[in-house]
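Treat the numbers as computed from the prediction; the structure is a model and nothing was measured. Below, all heavy atoms of this structure are taken into account, side chains as well, without hydrogens, waters or symmetry copies.
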Amino acid sequence: SQGSGRDDCDIVGDVFMWGEGIGSGVLGGGVHRVDSTTSAKMDSLFPKALKSALTLDVQYMAWGGRHAALVTRHGDVFSWGEEFGGRLGHGLHADIPYPQRVEALANNIVEFVACGEYHTCAVTLSGDLYT
């Protein structure tokens, strides 16, 4: 898993991403259409802002192969991207194109998240591990 944390830098306000984005919304833009077909691949050659319905005060981010997760300074977890096997934690069987709060962790203060290829883990302030 790759992430940016307190020791790397503090990310506040706007989050920018670029590079190869495979899967629904890993770059925060959802799937895009080419003619009448839908493509699940979206690349960004230049930095683009992460789109979200909420203003997120981001403390920590992690990226899997086809999904991403972030932790806000208040300890809330948001995830988005390709849903497969519950890796987003929303209890839905649908891809999520933009950051959505993980309600199952709402009663916890989360410090860190990690994303693997097919899973996501979160560690709370009290040291509990959620997978």
Side-chain angles (χ1 to χ4, degrees):
S1 139
Q2 297 292 320
S4 62
R6 292 182 179 90
D7 294 335
D8 296 331
C9 64
D10 284 335
I11 302 171
V12 181
D14 294 333
V15 174
F16 292 87
M17 299 161 293
W18 58 95
E20 182 180 23
I22 300 174
S24 298
V26 173
L27 290 178
V31 295
H32 70 285
R33 295 191 184 280
V34 178
D35 296 324
S36 62
T37 62
T38 300
S39 172
K41 179 175 178 162
M42 182 171 45
D43 299 339
S44 179
L45 300 178
F46 300 99
K48 66 181 246 180
L50 172 66
K51 295 178 182 177
S52 175
L54 303 170
T55 301
L56 302 173
D57 193 4
V58 179
Q59 175 64 37
Y60 190 89
M61 294 186 72
W63 300 90
R66 297 175 183 239
H67 73 294
L70 64 83
V71 178
T72 68
R73 289 193 187 271
H74 299 289
D76 294 319
V77 177
F78 290 75
S79 67
W80 68 101
E82 184 181 283
E83 172 55 66
F84 181 76
R87 68 177 135 197
L88 296 180
H90 300 294
L92 305 172
H93 296 288
D95 297 345
I96 306 293
Y98 301 104
Q100 181 174 320
R101 186 175 183 205
V102 179
E103 296 299 332
L105 296 172
N107 293 327
N108 297 282
I109 298 173
V110 174
E111 284 200 294
F112 300 103
V113 291
C115 295
E117 185 68 22
Y118 300 106
H119 68 280
T120 305
C121 300
V123 178
T124 66
L125 183 63
S126 62
D128 293 327
L129 172 66
Y130 289 84
T131 60

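Here the side chain of H90 pairs a donor or acceptor atom with the backbone of S79 at under 3.5 angstrom. A donor-acceptor pair under 3.5 Å is absent between the side-chain atoms of T120 and the main chain of C115, judged by distance alone. The closest donor-acceptor contact from the side chain of R87 to the backbone of G116 lies at 3.5 Å or more, if one exists at all.
Remark: I109 engages L125 in a side chain to side chain contact (heavy atoms under 4.5 Å, CB included) (not counting sequence neighbours). Shown here are the side chain to side chain contact (heavy atoms under 4.5 Å, CB included) partners of E117, two or more places apart in sequence or in another chain: there are none. Shown here are the side chain to side chain donor-acceptor pair (under 3.5 Å) partners of Y118, two or more places apart in sequence or in another chain: there are none. Listed by chain and residue number, nothing satisfies the side chain to side chain donor-acceptor pair (under 3.5 Å) test with T72 (two or more places apart in sequence, or in another chain). In this view, T131 satisfies the side chain to side chain donor-acceptor pair (under 3.5 Å) rule with no residue, not counting sequence neighbours.
Atom CG of D76 and atom CD of E103 lie 8.5 Å apart (nearest 0.5 Å). Rounding to the nearest 0.5 Å gives a distance of 11.0 Å between OG1 of T124 and CZ of F112. The distance from the CE atom of M61 to the CG atom of L56 is 9.0 Å, given to the nearest 0.5 Å.
Pairing each heavy atom of A62 with each of A114, the nearest pair is CB-CA, 4.0 Å. Residues W80 and W63 come closest through the heavy atom pair CZ2-CH2, 3.8 Å. In terms of heavy atoms, A94 sits closest to E83 at O-CB, 3.1 Å. Across P97 and D95, no two heavy atoms sit closer than the pair CD-O, 3.8 Å.
A side-chain contact (heavy atoms from CB on, under 4.5 Å) with V113 holds for exactly one of V77, V102, L105; it is V77. Each of R73, E111, H74 was evaluated against Q59; a single residue qualifies, R73, per the side-chain contact (heavy atoms from CB on, under 4.5 Å) test.
Y60 is connected to Y130 through a chain of hydrophobic side-chain contacts under 4.5 Å among Ile, Leu, Val, Met, Phe, Trp and Tyr, so both are in one cluster.
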